[in-house]
S.K.: 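The structure's right below; bear with me while I get my questions together.
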Amino acid sequence: MNAKKLEEKWIKRWHDNKIFEAEPDKKRKGHLITFPYPYINCAMHAGHLYTFTRCEVIARYKRMKGYNVLFSQGFHATGEPIMGVSKRIAKKDKSQIEALKKSGIPEKDLQKFSNPEHIVNYFLKSWRKDLTELGTAIDWRRTFYTTKLNPCYNNFITWQYKTLKNMGLVVKGSHPVVYCPDCESATGEHERLRGENATIVEYIAIKFRNKNNEIIPAATLRPETVYGVVNMWINPDVEYVKAKIGNEVWITSEPCFEKMKDQNFNPEKVGKIKGKELLKEKVQNPITKEWLSMHPADFVNPENATGIVMSVPTHAPYDYIALKDIHANFKPIHLIDTPGLGKNPAIKLVEDMKIQNQHEHEKLEKATKQIYKMEFHKGLLNENCGKYKGLMVKDCKERISKDFIKEGYAVILHECSEEVICRCTKCCHIKLIQNQWFLKYSDEKWKRETLKHLSKMKIYPEEARNWLENSVKGMKDKACARKSGLGTPLPWDKEWIIESLSDSTIYMAFYIIQKFVTSGKVKERNLNADFFDYVLLGKKITNIEKKTGLKKGIIDGIKKEFDYFYPVDMRVSAKDLLSHHLPFFIFHHVALFKPSKRPVAISANGYVKVDGAKMSKSLGNFITMRDALDKYGADATRLASMDTSEGLMDADLRRENAVNFKRKIDIILETAKNIKTTNRKSANELWLLSVIQQHIHGASKALDELKNRTALQHTFHAMWNDISEYLKRTDLADKETINYAFDVFARMNAPFAPFFCEELWEILGNNGFVSNAEWPKIKRSFINKEVEEGVELFKNVENDINGILKLVKTKPKKITLFVSQTWRYDVFGKIKSLLGKDFRMIMSEMMKSNEAKKHGKEVAGIVEMIVKNPSRMPDIIIPKSREISLLNEMSLMLKEKYHADVEIVDADSSKDIKAMKAMPFKPGILIE
RNA sequence: GCAGGGGUAGCCAAGUGGUCAAAGGCGCAGGACUUAAGAUCCUGUGAGUGAAGGCUCUUCGAGGGUUCGAAUCCCUUCCCCUGCACCA
C-alpha cells in the first residue's frame, strides 16, 4: 500500500473513532500541551514543522504514558500582515499577486484575497488540511482563531484587558519609535533603505550656557567625561537654530530642532545663527562651572544629536586629534584610571597609533571603540570627578545621567544608533509616541512574582532558563495597542487595537471554552466578564445563571473541565519566542491566575535549516508542508524532522533523510509481513529481548527530557538495527520474540511515525489503535546481561579473527580458540572489585593470595594493563564454563563463515603460546 | 554595545575528567547481490607501522594553566549564529 492510501485509511479511522477528542476523565490525569498558534498569512512550511512535530510527539507520548492529553491548535490572525496582503491585492500589487499564485491560488480566486476575512478562512483551511495529513493528534473541536472576526475570542480578550486595566497593569504613556517625518509614520525595519539594524539610543544632552544664558546643548553617550571638557566643537559651515523651549533659549542644528519637535520639547523657532558666529562665544560647563571656548571641527555632523559636541581630549581620540589639527593649547584633565591604558589614554593611543589628522576615520573609530570599551568595563573615576570619585564607570554611568537630569543640567535626547533612511529616501529620527497604552511589565511586584514563578517552572533544555530569566528581568513596558491591523479593540479606547503579541498570552485557556462554543452550548452573548471571572478565575459570583444566561449545569461543566485540564503543562516553542511571547505568557498568567493555574513547563528548540542552509525561496530549499507530504509522506517527514537536533541548536532538516526514512519504513513493513517463524528460545532470542529493554529505558528517559533525537536513536535506529541483527543470525524467528520486538517497535515509534506504526500494529494482529496503546514498560525478567555479554564475546572473537586474517592474508584451514587459564578468571574478578582504587593498593591486595603469587609477574602485568586501560575489563566476568559453552555454540557459525575447522581448547591443557595469551572474555586465537 | 547559544574527523553531529582515535548518520573506497543501474547487506575510512588480534605519532577554534590523566575544569584570545521589542 502506498503512503498516501495508508495515511488516508488511518486518518479516517482516527476520525471515526474520535480518539483524539479529549474529555475529562477521573481515572487519568489531565495534561494540556500547546504549540504557539501560528500566524496564518501563509501556508505551513518546514519552519513550523520541526517545532510542531516536537510538540506532537510529546503529546502522543504522554497519551501513551497514561495521561489524558488535551492537544488542540488555534490560529493567529491579529496584526498588520494579513491586512497588508488584502490591501496590496486590492491595489493589484504585482509582487503580491505573484506570491499568492506561487502558493497555488488560481488566478480567478485572487480578487477574493482583497478581503482579509477571506485570507483568514483560506489559510485556516489550508493549515487544518496540512496538519491533519501530517497525522497530528489534534482535538479539532477546540480550534479557534483570533481577532474580532471571531466574536467569542474577541470577548475573551476584551475581558482580559479590562481585568488587567483594573489591576493597574495597563497604563498610558509615551515611547520612542524610529520615525520618518516625511511619511509621518513609524518606520519598521523592513521599511528602511538603510539602517535596518538601527536601535534607539538615549543620548544625554548636557546644557552648556553662554553669557546670555542661552543653552548650547552637547549630546554625549559618556556623561561621566563632562568633568574633562576643555572646549566645544561647532561646525562653522552649518547654520544653527535658536529655539524657545519653555522659558529657555536653545541653540541647536536644524535637524536637532526637528527631532526636538517630535520628542516633546515643544521648541519654537526664534532665530538663526551661523556656526562661524557661534565660535566667538564662550560657554560654561554646568557641572564644573568652567568657561570654555568654541572651536571649529568638520567632524561635527548637524544630523547627529544636537550638532554641538563637547571636547574631552584625554578620553576621546577624535577630540584630541582635532585639537592637534588646529594647534590649540589645552590642559589635559585625566578622569578615568583604567588598568593597561595609562594616563590620558586617548592622547597616548592616538600617538601610539600614529594617527596623523582627524580624517583618518578608520583608525579613529577603532581607537574610540577600544577606549570606550575598556574604560566602561574596567575604568575607575578619579578625584577629578567630584562626588563620583572611586566608582567604576559601568556602575555609576546610569546614576550620573539621572543626577544630571534631576539637577537640571541635562536632558535625554533619543537618537538612532546609526543613520536610518526611510523607503521614501528621507532621513528618519526618533519620535516619542504620545498617549500610547502599555502593559506595565516594569512593575516591580509583577516582575518579581513572574520571576518567582519562572524559578518553579521546568524549562527544557535548562540553558533556555537563562535566556528567559534575562528577558523577564530586562522587560520594559510594552506598547500593547496599535492603530491599524486586525484584532480586538481596546475596550475603553476603541480606536486602538490590541496588538498581536499582547492578545496571545493566556489563550491556551480558550481551548477548553471553545469546545462548548463549537458544540453550540455557549454563544457569544454568554461570554461576558462574569463568565470568565467565574470559570477561569474561580470567583464566587451570585446569580451566575442569570448573569451569563447559562444553566448552572452547563457553566459548572465548563468550569469543571477547565479545572481538570488547566494549567498549561507544556508549551513547546522555537527559541525566538523566549524573548517576548514566553515571558508575556508567564507574566499574564501570574497577573491573572492563582498559582495552581500558572504554566508548568516550557520547552524551547532551535530554528530550522534545510539541507544545511537557512530556508529561503531564493536558495531553492524552501519546503512547504504540502511539498513534504506529497514527496515523502507524513511519517518520513516527521521522522526526518525529529532526527535532526535537539536542545537550542538549530535543526537541519535534510531532504535526503526523509527519502531514506520513507524507504526504511517500507522495508520494515515488508519484513514484518513476511516474517517466517518457529518456536525456540536460544541465546539469540534472549539477547534480543534483553537489548530491547535498554532501548525502552533510553527512549523513555530521552522523551521525558524532550530530547527527540536521542529518543529516536533508541526507538527507531537502534531498535531496527537489533531486530535486523537478530533476523540475520537466524532463518526462522521465534514467534513470540519477534512479535514482542515489533510490538515494542510499533509502540515506541507511534509518537514519531503514527501511520506506519498503526499499520504495523494491525499486521501484528492487534485491534484498536497503537495511538491509544500503552507505552512499553521495561520487563526486568528480560534483562539478561550474560547473554548480552555472550553476543559481545561473539562479536569480539569475530573481529579479532578478521583482524588477524587481514594481516596474514591466508585462507584459514583451522581456527583454534583457547579459553583462558582458570586462575586468570579469579585474578580478573578480584581486580574488578578493586578497580578505581590506587594502583599500588590494588597490587598489594592482589598479591595476598597464594594463587596470584604463583603467577606474580603475569598478575602484575594484568593489573598494569587494566589500570592503564579499563576497557580491557569486561562488564561482567562470566564463568569459564559458560565461556566455553558460548564458544562451542558459536563454533558452528564460525565454521560456516570462514570455511575452516574450529576447535575450542582449554588453555589449562595446552602449552601453545596463544593459549598462554588468552584472557577471560578474550580467547587466544590460533589460525593455521 | 547588551544578552543567549555555538566552534569536535571530508560534511552533519554525539560526547562535559580516565572504557576517547572519539557514538550515530552522510560521503568516500572495497566486497556481496544484480544482465546492468538503483536499493539492500557486509568491510574499511586521522597518519604511520607490524606476516597475529597490536604498537607509535598527531588531532576536538587558538594560546596558556590545573591534573598521574583534559574534547571535557580554569584563564586569555579569535571566529560564527540568534534576539534586542511594538514586529509576527
Side-chain angles (χ1 to χ4, degrees), chain A residues 36 38-42 76-82 175-177 186 188-190 197 199-201 221 369 372-373 376 417 433 436-439 441 461 463-471 473-482 485 499-502 504 574-581 584 606-607 609 611-612 614 643-650 652 654 656-657 660 663-664 666-667 709-710 712-713 717-718 721 724 728 796-797 799-810 835-836 838-839 866-875 913-914 917 922-927:
Chain A
Y39 189 75
I40 44 172
N41 63 340
C42 66
H76 200 200
T78 309
E80 309 256 356
I82 288 178
H175 85 281
V177 294
E189 272 176 31
H190 303 291
N197 299 316
T199 51
I200 297 168
V201 189
L221 290 170
K369 260 194 182 160
Y372 184 98
K373 196 174 165 184
F376 180 78
S417 62
I433 305 276
Q436 169 68 279
W437 289 98
F438 286 88
L439 284 160
Y441 292 138
E463 295 100 274
R465 185 185 294 281
N466 273 337
W467 191 333
L468 263 177
E469 217 170 79
N470 275 307
S471 306
K473 279 184 189 157
M475 198 67 71
K476 295 183 230 157
D477 291 349
K478 160 139 181 38
C480 63
R482 299 204 74 180
E499 76 61 64
S500 62
L501 285 167
S502 305
S504 310
K575 63 184 174 188
D576 50 341
L577 302 189
L578 285 169
S579 54
H580 43 71
H581 165 73
F584 301 164
Y607 303 123
K609 291 190 286 185
D611 290 342
K614 200 170 161 182
D643 200 29
T644 53
S645 81
E646 55 198 18
L648 288 178
M649 269 175 109
D650 291 350
D652 185 10
R654 295 194 169 240
E656 206 178 314
N657 276 358
N660 288 337
R663 211 151 42 213
K664 210 146 200 180
D666 291 341
I667 291 170
R709 192 194 27 210
T710 307
L712 199 57
Q713 202 73 35
H717 300 295
N721 279 350
S724 326
K728 222 185 318 173
N796 288 347
V797 168
N799 238 336
D800 285 348
I801 294 174
N802 288 342
I804 298 166
L805 286 180
K806 208 180 149 194
L807 218 60
V808 299
K809 287 171 193 139
T810 51
L835 213 58
D838 181 69
F839 174 77
I866 291 178
V867 170
K868 236 178 164 178
N869 186 356
S871 68
R872 299 285 179 87
M873 174 61 79
D875 283 348
I913 189 165
K914 295 290 168 196
K917 271 197 164 181
K922 195 165 176 66
I925 300 168
L926 177 67
I927 295 173

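Because only heavy atoms are used, hydrogens play no part in the values below, and waters and symmetry mates are left out as well, while side chains stay in. Please read these numbers as outputs of a predicted model, since none were measured by experiment. Letters go in sequence order (proteins before strands), and every chain restarts at 1.
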S.K.: Taking the P atom in each of rU56(B) and rG24(B), what is the distance between them to the nearest angstrom?
M.R.: 24 Å

S.K.: Rounding to the closest angstrom, what is the interatomic distance between rG30(B) and rA21(B) at atom C1'?
M.R.: 22 Å

S.K.: Does any part of the side chain of N41(A), heavy atoms only, come nearer than 4.5 Å to the side chain of E80(A), both counted from C-beta?
M.R.: no

S.K.: In Watson-Crick or G-U wobble terms, both distances under 3.5 Å, what is the partner of rA52(B)?
M.R.: none

S.K.: Could you tell me whether G924(A) contacts a base, only the sugar-phosphate backbone, or nothing, with contacts defined as non-hydrogen atoms closer than 4.0 Å?
M.R.: base

S.K.: In whole Å, what separates the C1' atom of rC81(B) from that of rA32(B)?
M.R.: 45 Å

S.K.: Without decimals, in angstroms, what is the distance between D652(A) CG and rA13(B) P?
M.R.: 7 Å

S.K.: Checking contacts here: which listed nucleotide (rC42(B), rA85(B), rG4(B)) is nearest the side-chain heavy atoms of K728(A)?
M.R.: rC42(B)

S.K.: When you get a sec, tell me which of rG5(B), rG53(B), rC86(B) is the closest nucleotide to the side chain of I925(A)?
M.R.: rG53(B)

S.K.: Tell me the partner of rA13(B), counting only Watson-Crick (N1-N3 plus N6-O4 or O6-N4) or G-U wobble (N1-O2 and O6-N3) with both under 3.5 Å; none if nothing fits.
M.R.: none

S.K.: rA32(B) pairs with which nucleotide, Watson-Crick or G-U wobble, both distances below 3.5 Å?
M.R.: rU40(B)

S.K.: Looking at residues at least two apart in the chain, or sitting in another chain, which of them share a salt bridge (charged side-chain N to carboxylate O under 4.0 Å, His left out) with D611(A)?
M.R.: R655(A)

S.K.: Using the 3.5 Å cut-off, write out each protein N or O paired with an N or O of nucleotides 71-82 of chain B and the distance between them.
M.R.:
unit_1  : atom_1 : unit_2  : atom_2 : d
rU82(B) : O2'    : Y607(A) : OH     : 3.0

S.K.: In the strands shown, is rU66(B) matched to any nucleotide by a Watson-Crick or G-U wobble pair with both distances under 3.5 Å, and which?
M.R.: none

S.K.: Report the residues that fulfil salt bridge (charged side-chain N to carboxylate O under 4.0 Å, His left out) with K473(A), sequence neighbours left out, ordered by chain and then residue number.
M.R.: E469(A)

S.K.: Find the distance between CZ (R654(A)) and CG (N660(A)) and round it off to the nearest 0.5 Å.
M.R.: 12.0 Å

S.K.: Using purine N1 to pyrimidine N3 plus N6-O4 or O6-N4 for Watson-Crick, or N1-O2 and O6-N3 for G-U wobble, both under 3.5 Å, which nucleotide pairs with rG4(B)?
M.R.: rC81(B)

S.K.: Going by side-chain contact (heavy atoms from CB on, under 4.5 Å), name the residues that satisfy it together with E646(A), two or more places apart in sequence or in a different chain.
M.R.: K707(A), N708(A), R709(A), T710(A)

S.K.: Base, sugar-phosphate, or nothing for P923(A), non-hydrogen atoms under 4.0 angstrom?
M.R.: base

S.K.: I need the CD-P distance between E646(A) and rG6(B), as an integer number of Å.
M.R.: 13 Å

S.K.: Think N470(A) has a side-chain N or O under 4.0 angstrom from the OP1 or OP2 of rG4(B)?
M.R.: yes

S.K.: F438(A): what forms a ring pair (Phe, Tyr, Trp, His ring centres under 6.0 Å) with it, not counting sequence neighbours?
M.R.: H175(A)

S.K.: Report the residues that fulfil salt bridge (charged side-chain N to carboxylate O under 4.0 Å, His left out) with D800(A), sequence neighbours left out, ordered by chain and then residue number.
M.R.: K922(A)

S.K.: For RNA chain B, whose closest nucleotide is more 5', that of T78(A) or that of K476(A)?
M.R.: K476(A)

S.K.: On RNA chain B, check which nucleotide each of F376(A) and H76(A) is closest to and give me the residue with the more 5' one.
M.R.: F376(A)

S.K.: Roughly how far, to the nearest 0.5 Å, is the CG atom of D650(A) from the NZ atom of K575(A)?
M.R.: 4.0 Å

S.K.: Without decimals, in angstroms, what is the distance between I801(A) CD1 and rC42(B) P?
M.R.: 19 Å

S.K.: rG46(B) pairs with which nucleotide, Watson-Crick or G-U wobble, both distances below 3.5 Å?
M.R.: rC57(B)

S.K.: For T78(A) and S500(A), indicate whether the former's side chain and the latter's backbone hold a donor-acceptor pair under 3.5 Å.
M.R.: no

S.K.: Scan E80(A) against the nucleic acid and name what it touches under 4.0 Å (heavy atoms): base, sugar-phosphate only, or nothing.
M.R.: sugar-phosphate

S.K.: Would you tabulate the pairs of protein nitrogen or oxygen atoms and nucleotide nitrogen or oxygen atoms of nucleotides 23-30 of chain B closer than 3.5 angstrom?
M.R.:
unit_1  : atom_1 : unit_2  : atom_2 : d
rG24(B) : O2'    : Q713(A) : NE2    : 3.1
rG27(B) : OP1    : E656(A) : OE2    : 3.4

S.K.: Could you tell me which residues satisfy salt bridge (charged side-chain N to carboxylate O under 4.0 Å, His left out) with D643(A), sequence neighbours excluded, listed by chain and number?
M.R.: none

S.K.: Does K478(A) have any side-chain hydrogen bond (donor to acceptor under 3.5 Å, both in side chains) partners at least two apart in sequence or in another chain, and if so, which?
M.R.: E499(A)

S.K.: When you measure from the side-chain N and O atoms of R709(A) to the phosphate of rA14(B), is any distance below 4.0 Å, counting only OP1 and OP2?
M.R.: yes

